[in-house]
Amino acid sequence: MSIKARFSLNLGEFALAVDLTLPAGGVTAVFGPSGCGKTTLLRVLAGLEKCPGGFLQVGPQIWQDDQRFVPPHRRALGYVFQEASLFAHLDVAGNLAYGARRVPAGERRVSVDRAVALLGIEHLLARSCGELSGGERQRVAIARALAASPGLLLMDEPLAGLDVARRQEILPYLESLRAELDIPVIYVSHAPEEVARLADHLVLMDAGRVQADGPITEMLTRLDLPLGRDDEAAALITASVAAHDETYALTSLEFPGGRFSVARQDLPVGRAVRLRVAARDVSLTEVHQAGTSILNIFPAEVVELATVSEAQVMVRLSVGGVPLLSRITRKSAALLDLSCGKPVYAQVKSVALLS
Amino acid sequence: MLTAADLTALGLTLKLATVVTVILLLLGTPLAWWLARSRWRFKFILEAVVALPLVLPPTVLGFYLLVALGPRGPLGGLMTTLGLQPLAFTFAGLVIGSVFYSLPFVVQPLQDAFAAVGRRPMEVAATLGASPLDRFFTVAVPLARPGFLTAAVLGFAHTVGEFGVVLMIGGNIPGETQVLSIAIYDHVEALEYGHAHLLSGGLLVLSFLLLVGVYAARRRGPAVRP
């Protein structure tokens, strides 16, 4: 099962040319600067923009090829626009019912009640749309799209129009969607933080073209892509809660390369979490250093090196098969005599828990 | 007080305005929708045609309709050949003339209202599974409701007040084509100022109340939000 999309569209100054095969599960983030064609790609996928000669297959269904073009209203999709775009003539319940009522019999995947519960909007149902805050409006819009029982959910920067506080309000809901529903999501964004928290798969776009795509952990640590060379470059690690140490109020998080110790988290053992480790917070040593305050030290292997500035080198490491980035000075790299395959110890100064 | 003839003229006027408003809403809605949404490059020509009755002396419109609908006109000739009555100087002819005359008063508010709705709500409805006709009736029409109210009231009031077109194409047949404005003219001609005052003042108050109603309703109407 996968999503296959092949489109080329010429709009004068801007041209879109994509040929993608995406997993039909999890969250695929489409990431790139403003104006790179992310939104156009999403509109073409939805059928809101016609792109003659294109091809689109979602799971077993062909939505577009040379013979047919399934109009948007016959595609089992949900679309969340950047602005909530609620129907002003209907109240919140009416907005939610609009799509839910039009789901063909036997194709219901998400009930209105489920969508309401997932977005936590029970208390808003009787309100009119004018009485909602920006964050509430967007939550209603997401619930409305879910209640239409989509087989594919398209989201066009749903948080871009909101301030930081509102974004933090909505992100947990988006994370719970990923965990609770088995609906593939294509999530357009230009915010690295959202991508790191939500995405399983990443498509990098620039000037209407796909630069690269692949699993998020790979993509963030590829040194041939801008994300892996950026000042803010960071690796993403999926771990699970292994144990709690009540004496020192620490939580131990297990991943294939070892265990992280972090400040006590109120999470059940076994819960999957995402960790973000910034390249600048990882230093390297040749021997396992004793007498250090750093708790998180892992044996690693140098996979790749790239000079990112006159003074700095980005090192891609493998920690038990899990990619990790370390940004060190060029001088350090020379002193350590780093080369591919060299075993080192990675000292992680700080780690951020994303979910 | 109102004479029997005045009452007949009043009844006829209201009947004419009602029929014309209904026809205009039925014809004007799809036309206004198309004008609001089409990207055809020569659309402006059609917009100019729709707006013509705003600037043309009603007598000019009435004159051409008379020529077309009269027994020797192309349409009237056709009707005569088919064994039908020519439409000039009939109530049906009056309806046709009024439809043309009041067209912009219905189409323009509707077009503006549809344009204000914009494409986004329609796209949202499409992604929620609504077919084009479905989303027209469940999204575009409700959101454009203030426009429909304005269009209906303006179309009705403007038809009530017409004179030139009626005079040219309808004449002055009591019970058939003699409407209020003509009746007022007759009273003035006959120096019956009392009757003229009664009808004129009535029309003035009626028109004012209608417009007050429209503007009050527009103020309360739901704003279209993004």
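Values in this document were obtained by computation on a predicted structure and should not be read as measured data. Numbers restart at 1 for each chain; the letters A, B, ... are given by sequence-line order, proteins then strands.
Across A/Tyr98 and B/Ala125, no two heavy atoms sit closer than the pair OH-CB, 3.7 Å. In terms of heavy atoms, B/Leu128 sits closest to A/Ala145 at CD2-CA, 4.3 Å. Nearest heavy-atom pair across B/Leu143 and A/His89 is CD2-ND1, 3.5 Å. Considering all non-hydrogen atoms of both residues, B/Pro132 and A/His73 come closest at CD-CE1, 3.5 Å.
A heavy-atom distance below 4.5 Å is not found between the side chains of A/Arg101 and B/Thr138. The shortest distance between side-chain heavy atoms of A/Phe81 and B/Glu123 falls below 4.5 Å.
A 6.0 Å sphere centred on CZ of B/Phe100 holds no more than 12 heavy atoms belonging to other residues, nucleotides or ligands. Applying the 6.0 Å contact sphere to CZ of B/Phe163 captures more than 12 heavy atoms from other residues, nucleotides or ligands. For CZ of B/Phe63, the number of neighbouring non-hydrogen atoms (other residues, nucleotides, ligands) closer than 6.0 Å is 12 at most. Counted within 6.0 Å of NZ on A/Lys50, heavy atoms from surrounding residues, nucleotides or ligands total 12 or fewer; the atom is thus considered open. At most 12 heavy atoms of other shown residues, nucleotides or ligands fall within 6.0 angstrom of atom CZ in A/Arg74. For A/Phe14, the CZ atom is densely surrounded, since the number of other residues' heavy atoms within 6.0 Å is greater than 12.
To the nearest 0.5 Å, atoms CE (B/Met122) and CG (A/Leu48) are separated by 12.0 Å. Put simply, OG1 on B/Thr127 and CZ on A/Arg144 are 7.0 Å apart, with the number rounded to the nearest 0.5 Å.
For B/Arg135, the parts sitting under 4.5 Å from any heavy atom of chain A are the backbone and the side chain alike.
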